[in-house]
Amino acid sequence: MSPLEELRHSASHVLATAVLRLFPDAKLDIGPPTDSGFYYDIDLDHKLTAEDLVKLEAEMKKIADENQRFDRKEVSREEAVEIIKSRGQERYKLGRLADIPEGEKISFYTNGEFADLCAGTHIRYTAKLKAFKLLSIAGAYHRGDETNKQLQRIYGTAFPTKEELAAYLTQLEQAKLRDHRKLGKELKLFHIDEDVGQGLILWTPAGSIIRQELQTFIATELRKQGYSQVFTPHIGRLSLYKTSGHFPYYKESQFPPIVERDALEGLITSGCSCAEMANRIEAVSQKFADDVNARTGKETITKERILPEDQLIDGFLMKPMNCPHHIKIFASQPHSYRDLPVRLAEFGTVYRWEQSGELNGMTRVRGFTQDDAHLFCTPEQVAQEVLGCLSLVKTVLTTLGMSDYRVRVGLRDPDGKKFAGDPEKWDLAEAACREAAKTLGVPFTEEPGEAAFYGPKIDFVIKDVIGREWQLGTVQVDYVLPVRFDLNYIGADNVAHRPVMIHRAPFGSMERFCGVLIEHFGGDFPLWLAPEQIRLVPISDKVMDYAKVVLAQMQAADLRVTLDTHSDKLGAKIRRAELDKVPYVLVLGQKEAEALSASLRSRAKGDEGVHTVASLVERFKTEVATKALPEKRKV
Ligand SMILES: [Zn+2]
Ligand SMILES: [Zn+2]
């Protein structure tokens, strides 16, 4: 364990000690450290409340002050059973003991009156616990299995210093306020409806504006880099994915195939079993297998998957990836080395089967639109193309005020056994990725063993304004799919060569990226992204005609402006605009109407005084065109 994990894990022992002091009947399960703290799962008839957390924390404080020593003791399996029984903890701890493989050491850690079955390691004395906090209680099934009893999980965190703890707690508070699920609802940005399906995002009008603006921005940058936009359907034939290898090898993370109606009816009449049907859907013909195996030069498709042609069942897959479709566009034309690189981009929607427990707002979903592109290039062009991908990411992230990010370069394992393709090409591609990452001027790490099996990759981890890290998308170099699909181009030597493919979806998906942006901006979007940029608030109905003139003028300037026609008081209208986080509110009264002006309230500065409408239009247009970031709010 790292020193921080040791500290947090020791805090979980101290929590268990406190639990047994206050609730001697409690049955303990496990209490490991986590990325951000620790937890302990306990079985207790009394339902724990927020007040209990306060009491438990006070008791933990006492135990820390008692400065108990953590002592390790190795015991035999029989002794371990005795210790567990003598402490009345057999309900879960005997099972946990049984998990320890025969021949491995069994140890207990003791602090004060408490002892726990534990491999360690721990801090030396409880007094080292100076900064900790219990955060919440949640239900958790024993061993994560829904058929087991639900236990109570107490979450907490600990840090080496009080300052670090305070900073973390502030970050947690901020994160709650910025939660994209909460803001998404309040600002009506997106909706998830059980009737449509879990994990499927409905983009409402306001959210759609943000997505559309982002897509336009990204597409414009891509065009500048010589990409071509394409469109492809949401499904593809199973044979396509059998060639690429996406099916059946990743079927667990895909929606099940769509079988053709005639085939399905035939199967039902013939009394085909489900298992047989699955086999026949996954199988391929002898010729298909021979072709793929000849291209890859090995038994990529094994004998067990081969069936006579007339037994095969055809069907479609909702696309889990856009690559095969783009490959078919590339392959539809002959290519000379002079045409390369070919860069095909699509905001392509894909479908993946995520467990319902894994789904989370916009950031973990079952249908999403990748900012996808596939580049087909010569081996010599890989470095330059990877660099192009990275510079695009830099431009977009900088524009969005996300200049704090790092890059991870996934390389193959030192022994390289589980990776496809020849080592020389790998060396070239890895060197290209490394060089590209270096030139970005941001921190990067090399992670051996983290490559995709078909080539090295680069991924992006961004830090948002409150210091949380988010993993976005990747750039991957691929030597395998060009072989599987028998892609080629004619080289300067007049001979056919294999192109290299680069897959890149640097922002992951529009869903995830927008979810992250909602939290990053806390709903206060820059003007160019704000769904409603300006709200007009007339003081009374007498100036409604003037308000309509201003509305038309701003609409003509392509600004997203609305007119508040409610009859309530001015204060209420302004308050509502604040809740809706509208960047600019223009208050219109009789005096303003006479001078063709408006009284400006900005989200950042509050009251900014009276300005002519013409000057405001210019100001807003410039702010949109320059994609200015929102100023820090002073009100
Ligand atoms: Zn322990
Ligand atoms: Zn791809």
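Side chains are part of it too, since the values below use all heavy atoms of this structure and drop only hydrogens, waters and symmetry mates. Whatever order the structure lists ligands and atoms in, that order sets their numbers, starting from 1.
Salt-bridge formation is not detected for the pair Arg8/Glu5: no Lys NZ or Arg NE/NH1/NH2 atom is positioned less than 4.0 Å from an Asp or Glu carboxylate oxygen. Ion pair Arg143/Asp145 not flagged as a salt bridge, since none of the NZ, NE, NH1 or NH2 atoms sits closer than 4.0 Å to an Asp/Glu carboxylate oxygen. A salt bridge between Arg412 and Asp427 is present, with a side-chain N of the basic residue lying under 4.0 Å from a carboxylate O of the acidic one.
With the Zn ion (ligand 1) as the vertex, NE2 of His9 and SG of Cys118 span 110° to the nearest 10°.
The Zn ion (ligand 2) has Cys323 among its coordinating residues (N/O/S atom, backbone or side chain, under 2.8 Å).
Residue-level check: among N/O/S atoms of His503, ND1 sits closest to the Zn ion (ligand 2).
Tyr109 has its ring centre no less than 6.0 Å from the ring centre of His9.
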